[in-house]
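What follows is a set of notes on a single structure, which appears directly below.
Any value given below was found using the heavy atoms of this structure, including those in side chains, with hydrogens, waters and symmetry copies removed. So that the names make sense, note that chain A is the first sequence line, chain B the second, and so on, each numbered from 1.
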Amino acid sequence: MAKLNINGKTVDIAASAETPLLWALREQAGLTGTKYGCGIAQCGACSVHINGEVQRSCSITVGALKATDKIVTIEGLSADGSHPVQKAWAALDVPQCGYCQSGQIMAATALLAKNPKPTDADIDQAMTNICRCGTYSRIRAAIGKAAADMASLPAAPGKAKKA
Amino acid sequence: MTKTMKSSLASARGVSRRAFVASAAAVGGGLAIGVDAAGLTKALAQKVLSSDVNEVGAWVVIKPNDEVIVRIARSEMGQGTLTGLAQLVCEELECDWSKVKAEYVTPGENLARKRVWGDMSTGGSRGIRTSHEYVRKGGAAARQMLLQAAADQWKVPVAELTVEKGIVSHAASNRKISYGKLASAASKLDVPADVKLKDPKDWKLIGQGVPRLDTVEKTVGKLVYSIDVKLPGLLNASIMDAPVFGARVVSYDEAKAKGMPGVRHVLKVGDTAVAVVADTWWQANEAVKALNIKWEEGANAKVSDESINAFLKDGLTATDGVFVGNKAGDADAALAGAAKRLEGTYFSPYQHHVCLEPMNCTALVTADKCEVWTGTQNGDATLAVAAEASGLPPSKCEVYKLHLGGGFGRRGFQDPVQKAVLLAKQIPGVPVKLVWSREEDMRQGRYRPVGLCKMEAGLDDKGDLVALKMRIAAPSILTYAAPSRLEPSGRDIAAFQGLNPTGPEGQFGYTVPNILVEHAMRNTHVPPGFWRGVNNNQNAIWLETFLDEVARAAGKDPLAFRRAMMANHPKHLAVLNAVAGKIGWDSPAPAGVTRGIAQHMGYGSYVAAAAEVRVSDRGKVKIERLVMATDCGYVVNPQQVTAQVEGSVAYGLGAMLYQEINVAAGRVVQENFDTYQMMLMEDFPKIETILAPSGGFWGGVGEPTICVAAPAVLNAIYAATGQPIRTLPLKNVKLQRA
């Protein structure tokens, strides 16, 4: 049994210490928006934020996390898809099959939180998640749109900035 | 006639002939499941379809609040078919698009209603092109029924009514009523047998780049893929099948696996696999790793890349097991008399689909019912395999379709369904979700076939192509996956995709007076499958890159050389000209940049690509620009067609640049993304897409452009190096600028 802080709530997770966070999220916390793709931190489908950093949850064990570590999954990014990155994704119809897109959005939000105006090279470096459908050009465009939309938001937008 | 590698097992590994044929017939098209969260919940609650509300003909349900639900029989795997099909229905229905939702029909319901929704198979880029007519008729029939209901209510002639966005009007009496208020009465009317479809010039919704119906759920993590299915009492399973295809299980450490946390059952699945059922999937998969399974591997364990290559090489000169795909004149005589001859032998490796959502299926079997939840490209085949594996008649089986986390041809195969049902049958009454680890998914693929191809050309003294020979030595997909689709002679027509002289699927785009295209069928024990674009991929690469070699030998520009052979192929030529114009073929490329061009026809569509690449002094390739054109006849949703064109580039170029499946000791070597590299953001080129629909026919969209991306890039590299590239992937080739 472990205590984890997931999407702002402390929850008891009935999983052994060696259980990867990915599977604790999916099977114990019931948060299936975070996806399994490879299990070896290659594809990024399992990307979540831990204390604001994007991490591949398949390769972090429950035992390596403290109850004070703030874990945010796609479900916790916004209650209703209103995060500017999610809105940009929808506006540009980015997803095809969609399976990788939770991870792509988590990677993009982490990038924009640190670097509000990423260059193409910044995007290349930060966005290393696999999209087998090949939505890369729309992902790039959506990051640009989200960056512009976030820049035009009034100051202290709170959640969007922190994500 | 066909030749099978001596050590190989041509059987489908425990799948009976009947199921096998069914699954084969199934590879081909199909759509269904509520895109909206509500629809999904319904499916998961095992409630089949929105039959309690007003069904106006089989394809349309209209709720009292004017919400329109369009029934979808094909499958959505990212290609946008679900939205496109809904557009087709709603074009004729004349409803309010903002009130439209889509809902999958189930295979069981389709069977029970005498296949009222037609073919469910979703492959071969068929989702729209083979159902556009009957789904539009479904929409038109519903409109007619709704208008009739209004006419009956108002006691006016139907001809005096008009409809716009779901509101029926009678101008003379200034009355209006919405579809929602007419649906109950309309649903009781007979479905008109004969309806007239709009002239394409009157389309309002077809041709519009409306947003997909399934996007928002994918941006908030709420879309339920079959790997996400939750059911009361659900147990989770992981499996390991024989890494040497066809090998039988001899022993395994049941006690060790059973003693591990959460493990409930350790069970054999067929003769070749063992599964562990546990509380969680992670527990099940950890226990699978501890099984230490021993197999009786037989002679297949000796098969390797080397033995396969030797087997294929034999096919380049053999006279047995050889089928003709295209023949005109006398290629041998013309070659003998040619002023200049050229030849080259090309190699294409096995490829893996790598759907990002690993193969999975949930099954619940009781004494008198078998239910299956899965993402399938072929609901009909899933139902047939569920029936076969459970031993129950199809009428006692049902399949709940979910969106696919990638399909690309892999999810037309029903082996995950067969395994899940065989497993669940051993634990009656307990729903079991079987998920393959990525490693299992890689080891148990249906691989794009390996192939060797010998190309020969003869030029006359003017440098015109007078003879072309193409001898392909490769496994046959249809022999393995769809034997019922082989011709009586045993010929696999799919081996000649894009090389056939006639036919709408993929016509050879050049006129060559003497031509001979042959396939020496060489079947190995590695199961081949339909991989996005299928054999068009290799066929287009071999032909189009060889043509550039021949053009160079003739001292001609690659574009001009092609055009001279295309007078009788105006549609092929039009897309080729379109990409040439857009990339500026007639003006010099930027310094250090070289260009390549290619064209092909596949799945009823005409496609072409032009590429600009920069090859560094150290032989590193940067793809700077790609122009892609497609003529698919009619474009239903342009922004989605563009998305498919761009996506196909990632799939085709990833294979060309990095990907190969190697075989050693009878098994697949690559087991995860650390050894099977994917195209990532940083390598994805800038793509300019030209949609050039010429009308009058319906071509496919999901696959065709994949076939031209790689040869255009390879030709651009060849222009820089002067060295033919005859072996892929490119990572194995040392490049040097000329």
Option in [options] with maximal non-hydrogen atom pairs under 4.5 Å from chain B:
{"options": "A:Ala91, A:Ala24, A:Pro20", "value": "A:Pro20"}
{"options": "A:Gly134, A:Ala121, A:Gly33, A:Cys97", "value": "A:Cys97"}
{"options": "A:Pro95, A:Ala45, A:Cys100", "value": "A:Pro95"}

Under 4.5 Å between any side-chain heavy atoms of [X] and [Y], yes or no?
{"X": "B:Met628", "Y": "B:Ile687", "value": "yes"}
{"X": "A:Leu4", "Y": "A:Thr10", "value": "no"}
{"X": "A:Leu112", "Y": "A:Met150", "value": "yes"}
{"X": "A:Leu65", "Y": "A:Ile50", "value": "yes"}
{"X": "A:Ile13", "Y": "A:Leu25", "value": "no"}

Give, as side chain, backbone, both or neither, the part of A:Ile130 having an atom under 4.5 angstrom from any heavy atom of chain B.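 For A:Ile130, backbone and side chain are both near chain B.
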
Enumerate the inter-chain donor-acceptor pairs under 3.5 Å for chain A and chain B, one line per pair.
from     : atom 1 : to       : atom 2 : distance (Å)
A:Arg26  : NH1    : B:Asp228 : OD1    : 3.0
A:Arg26  : NH2    : B:Ile227 : O      : 3.0
A:Arg26  : NH2    : B:Asp228 : OD1    : 2.8
A:Glu27  : OE1    : B:Trp281 : N      : 3.0
A:Glu27  : OE1    : B:Trp282 : N      : 3.2
A:Glu27  : OE2    : B:Trp281 : N      : 2.6
A:Gly30  : O      : B:Lys230 : NZ     : 2.9
A:Lys35  : NZ     : B:Asp228 : OD1    : 3.3
A:Lys35  : NZ     : B:Asp228 : OD2    : 2.4
A:Tyr36  : OH     : B:Arg438 : N      : 2.7
A:Gly37  : O      : B:Arg438 : NE     : 2.7
A:Gly37  : O      : B:Arg438 : NH2    : 3.0
A:Cys38  : O      : B:Asn672 : ND2    : 3.0
A:Gln86  : NE2    : B:Thr219 : O      : 3.0
A:Asp93  : OD1    : B:Thr215 : OG1    : 2.4
A:Asp93  : OD2    : B:Arg212 : N      : 2.7
A:Asp93  : OD2    : B:Gln639 : NE2    : 2.6
A:Gln96  : O      : B:Lys218 : NZ     : 2.5
A:Gln96  : OE1    : B:Gln644 : NE2    : 3.1
A:Gln96  : NE2    : B:Ala643 : O      : 3.0
A:Cys97  : O      : B:Tyr225 : OH     : 2.7
A:Gly98  : O      : B:Tyr225 : OH     : 3.3
A:Tyr99  : N      : B:Tyr225 : OH     : 3.2
A:Arg132 : NE     : B:His353 : O      : 2.9
A:Arg132 : NE     : B:Val354 : O      : 3.4
A:Arg132 : NH2    : B:His352 : O      : 3.1
A:Arg132 : NH2    : B:His353 : O      : 3.0
A:Tyr136 : OH     : B:Met679 : O      : 2.5
A:Ser137 : OG     : B:Glu646 : OE1    : 2.7
A:Arg138 : NH1    : B:Gln639 : OE1    : 2.9
A:Arg138 : NH2    : B:Gln639 : O      : 2.5

Which atom names give the shortest non-hydrogen contact between A:Cys46 and A:Cys58, and what distance separates them?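 Smallest heavy-atom distance, with atoms named: SG-N, 3.3 Å.
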
Residues A:Pro84 and A:Ala146: closest non-hydrogen pair is O-CB, 3.9 Å

Just to verify, what does A:Lys114 make a side chain to side chain contact (heavy atoms under 4.5 Å, CB included) with, not counting sequence neighbours?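 Side chain to side chain contact (heavy atoms under 4.5 Å, CB included) list for A:Lys114, sorted by chain: A:Glu53.
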
Please state whether the side chain, the backbone, both or neither of [X] comes within less than 4.5 Å of a heavy atom of chain A.
{"X": "B:Met77", "result": "backbone"}
{"X": "B:Val645", "result": "neither"}
{"X": "B:Leu404", "result": "backbone"}

Test side chain to side chain contact (heavy atoms under 4.5 Å, CB included) on A:Asp69 and A:Asn5; report intermediate values, then the result. CA-CA 6 Å; A:Asp69 290 324; A:Asn5 183 318; over 6 Å; no

